[in-house]
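Input: a single structure, listed below in structure tokens.
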Amino acid sequence: MSPHIRYEEELNPQQYAVVTAEDGPALVIAGTGSGKTRALTYRVAYLLDKGVDPRSILLATFTNKAAREMLCRVEGLSGEKARSVLGGTFHHIAHLILRARGYRVGIERSFTILDREDAESLINQCIKEFMPSRDKRVPRGEVLAAVFSYGVNMMKNVENVIEERFPHLVEFTDEIKRVATRYQSEKLKNNALDFDDLLYYFFRLLKDCNDLREVYSSRFRYVLVDEYQDTSRIQAEIVDLLSSLHRNIMVVGDDSQSIYSFRGANPDNMFTFLEKYPEASVYKLEINYRSIPEILELANASIQCARKVYPKRLTAVKPSGELPEVVYVSDEFHEARYIADNIVELERDGVPIQEIAVLYRAHYQSMALQMELTRRGIPFEVRSGPRFFEQAHVKDVLAYLRIACNPRDELAWKRVLKLYPGIGSRTADKVWSQISEYPDPLAFFLNNIPTVKQRTGKRSLEHLLQVLKAISTVEMKNNPSAAIAAVINKGYDDYMKTHFVNYQARKDDLNQLVEYARSFPNMEQLLAEMALVSHASADELQESEGARERVILTTIHQAKGLEWDAVFILGLNEGRFPSARALKENPENEEEERRLFYVAVTRARKILKIFIPRASVSRRDVDRLMLKPSRFIQELPPHLYEEVDLSGVFIRNFEEEYDDWSG
DNA sequence: CGCGGAGACCTTTTT
DNA sequence: GGTCTCCGCG
């Protein structure tokens, strides 16, 4: 077999050059739909075929799912050995190595990863302490954002963060500093790391421990990074440290698709790369294989309005098709009906339903459509909104396991304690203060029931003791599925019956969780995966990987890297998209919002329809609120799209719709 | 001190 | 609709 010839047939000359590039740093600047991921995938396969040790390849991607999919395809090309390639998000990689070596920078093996919600509640506790809640003047939400931003931006001092990003909070600088410091120490007390800590401590490990840096940079001889435009400063540093020995690093990205700056993404990484690696080879991928020329032209015109674009000239190779449509509708209900009609029509015309997607800026924009699709019995999958792992019942059950793994996890203890009758937040505090004196609060608890005033509370603690005793054995720690089942059977099931109206649905969720947990060898890995994994719905947990026959509803952020035959984009109105909130925070954000629009448009292969409601229906303004079309449409040359105005055709019954919306 | 009900307030994007 | 907070009862 001569696999190289196969690559040559399947890749264009530019991509082929990327794949077979010699050792050394490489920057791939690639347009949308140009096969960036394909080039990366083939490069990994190429390396494996050349006989490179799979364990020496490190592949950093944006989501764990993306990494899995890529490695699956590599396995198809090069076989089994692909399984030994390490691939995942930076967080994932950091987590793996910190568990093994974190003690070098003061991290215990048994740390908990705080998800967004946990981190927020911890910060809120600290805020309460330094900024009394009575004081209405304190914008708590913004203080919270500032503390987060401090972590995300990895800046040395809080003052800088506040001055640069939250100038209106300058008067609270002292308090915010105290909150941030307290938050740090609370995390340490809890043996807990948040997402930013994961990266920060990993960075410190590589920076401070010369021997470890050498270990990893000599092990990972090939470092490949996808979506480089969305890496943060600290991630770029981590990549540099990991490849410091061999400088054998390949990064792939498209500056026009940088949409995660709110999370610290720094598109300038793309350009500073060349300063750091002047010897790098630069490849440009400018052929677009995805979209028909009409769609690509509209996308190009939109991104031309951006202030700063790296010059690229994307050319389409697909045959010409229909002009994208810009459709005016009366409101979101009309929008929903029209889209539902369109879906039915497309299906009749032979477009598979899973090849249709609806994209939007924010989750709430999908509500009207969800109702309409449900009413009509059109199958759909929502990929935005509340996540499976973040629902109360899932978090409750997992909190028991967190205690078993990390007995100093205060948040988990309090969450669990408060589930029991007779124990509220005061008693939970008291119990915690009694047991947290000891280095292993769990061991202490199992032998000494803390004293509480109420009799029901005491019975509850005895009950809790039984559950914790059952799940903290070595066998249970190595069988998370059984541990979860034990938590449910030993009382959580009863709790759900009395506390949730939708008992059955939640019970079903937990049964799925028990199944899902089977594939994990121990609790720690399960808990880490739950915290780090990107969006997973309850359905996705079941292994049915293949394309299911459903319309996809998703935020644009989550649609990154995906494509469909037909794409509908909702709510192209001023205030919604670009989001008023984003612009208020910083007018500069218009640029990123536009890139977001660009990403949305370029998900479509053949059919693109963009919707502009004329009026809004929302709780706040029961009156018709006139909406303006988005600047992202107005700035486009009109000949690039076909305008369809349906807003006068539809006579709507406002009262009926309103009842629907609220009920 | 726990707990349920009433009412206020929110609703950008996510590893 | 969903979540958080406050308040008053037991």
Side-chain angles (χ1 to χ4, degrees), chain A residues 60-67 88-95 113-117 119-121 124 128 133-134 140-141 145 148 151-152 193-199 227 230-232 234-235 258-265 359-368 370-371 383-387 389-392 417-418 420-430 452-457 460 498-499 528-536 554-560 571 575-585 589 592-593 595-596 599-600 618-620 660-663:
Chain A
T61 55
F62 203 69
T63 62
N64 283 312
K65 199 176 160 215
T89 62
F90 284 97
H91 292 84
H92 184 85
I93 295 159
H95 164 252
I113 302 170
L114 297 181
D115 65 19
R116 176 86 191 188
E117 194 188 321
E120 268 182 25
S121 78
N124 275 327
K128 254 185 217 157
S133 57
R134 290 278 164 213
R140 301 167 123 225
F148 261 116
V152 166
L193 302 189
D194 65 18
F195 286 128
D196 298 319
D197 292 334
L198 234 32
L199 295 179
E227 309 279 15
D230 279 320
T231 52
S232 62
I234 192 164
Q235 287 168 335
S258 174
I259 54 175
Y260 276 98
S261 72
F262 67 91
R263 216 176 63 188
L359 310 189
Y360 35 86
R361 175 70 178 86
H363 176 64
Y364 74 90
Q365 293 179 294
S366 68
M367 292 310 172
Q370 286 188 46
M371 289 188 330
R383 294 202 181 156
S384 54
R387 301 148 194 213
F389 296 141
E390 286 176 3
Q391 295 183 61
L417 284 165
K418 283 192 277 190
Y420 288 85
I423 304 178
S425 51
R426 293 304 294 258
T427 310
D429 286 347
K430 277 187 186 157
V452 289
K453 277 190 191 150
Q454 293 200 18
R455 187 186 256 147
T456 38
S460 291
T498 52
H499 286 79
E529 181 76 4
M530 303 291 253
L532 292 174
V533 89
S534 61
H535 255 71
T554 172
T555 58
I556 300 164
H557 283 90
Q558 296 230 72
K560 167 177 229 170
R576 289 181 175 171
F577 195 3
S579 139
R581 226 180 126 145
L583 295 184
K584 194 183 149 204
E585 184 190 288
N589 286 342
E592 178 151 320
E593 296 281 309
R595 292 194 294 266
L596 198 54
V599 169
S618 92
R619 253 179 188 264
R620 289 259 183 90
D660 256 4
W661 178 249
S662 25

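In the text below, chain A, chain B and the rest are named by the order of the sequence lines, each starting its count at 1.
If you check B/dT12, B/dT14, B/dT15 against the side chain of A/R361, the one that comes closest is B/dT12. Distance from the side chain of A/R581 is smallest to B/dT12 among B/dT15, B/dT12, B/dT13. Closest approach to the A/T63 side chain among B/dC1, B/dT12, B/dT15 is made by B/dT15 (side chain taken as heavy atoms from C-beta onward).
Rounded to an integer number of Å, the gap from A/H92 NE2 to B/dT15 P is 14 Å. Remark: P of B/dT11 and OH of A/Y364 are 11 Å apart, rounded to the nearest angstrom. Distance, A/Y360 OH to B/dT11 C1': 14 Å, rounded to whole Å. For the pair A/L193 CG and B/dT15 P, the computed distance is 18 Å after rounding to whole Å. Rounded to an integer number of Å, the gap from CZ of A/R383 to P of B/dT15 is 13 Å. Nucleotide B/dT12 holds its C1' atom 13 Å from the CE atom of A/M367, rounded to whole Å. Going from atom NZ of A/K430 over to atom P of B/dC1 covers 4 Å, rounded to whole Å. One atom, CD of A/E592, and another, C1' of B/dT14, lie 12 Å apart when rounded to the nearest Å.
For A/A392, the side-chain contact (heavy atoms from CB on, under 4.5 Å) partners are A/R415, A/R506, not counting sequence neighbours. Shown here are the ring pair (Phe, Tyr, Trp, His ring centres under 6.0 Å) partners of A/H91, two or more places apart in sequence or in another chain: A/F195.
Note on A/I423: only backbone sugar-phosphate atoms sit closer than 4.0 angstrom, heavy atoms only; bases stay farther off. Counting any heavy atom pair closer than 4.0 Å across all strands shown, A/H363 reaches sugar-phosphate atoms only and no base atom.
Contact annotation: A/R116 side-chain N/O to B/dT14 OP1/OP2 distance is not under 4.0 Å. Put simply, A/Q558 has a side-chain N or O that comes within less than 4.0 Å of OP1 or OP2 on B/dT14. One finds no side-chain N or O of A/K418 lying less than 4.0 angstrom from the OP1 or OP2 phosphate oxygen of B/dC3. Distances shorter than 4.0 Å separate some side-chain N or O of A/T555 from OP1 or OP2 on B/dT14.
Using a distance-only test at 3.5 Å, with no hydrogens or angles considered, a donor-acceptor pair links the side chain of A/E592 to the main chain of A/S261.
Closest of all the heavy-atom pairs between A/T456 and A/G422 is OG1-CA, 3.8 Å.
Stacking between A/Y260 and B/dT13 is absent: the aromatic ring centre is not both under 5.5 angstrom from the base six-membered ring centre and within 30 degrees in plane angle.
Looking at A/Q558, A/H363, A/Q365 one by one, the single match for side-chain hydrogen bond (donor to acceptor under 3.5 Å, both in side chains) with A/S384 turns out to be A/H363.
With the nearest nucleotide of DNA chain B identified for both A/G422 and A/N589, A/G422 has the one nearer the 5' end. Position along DNA chain B of the nearest nucleotide to A/E593 versus A/P421 favours A/P421 as the more 5'-ward residue.
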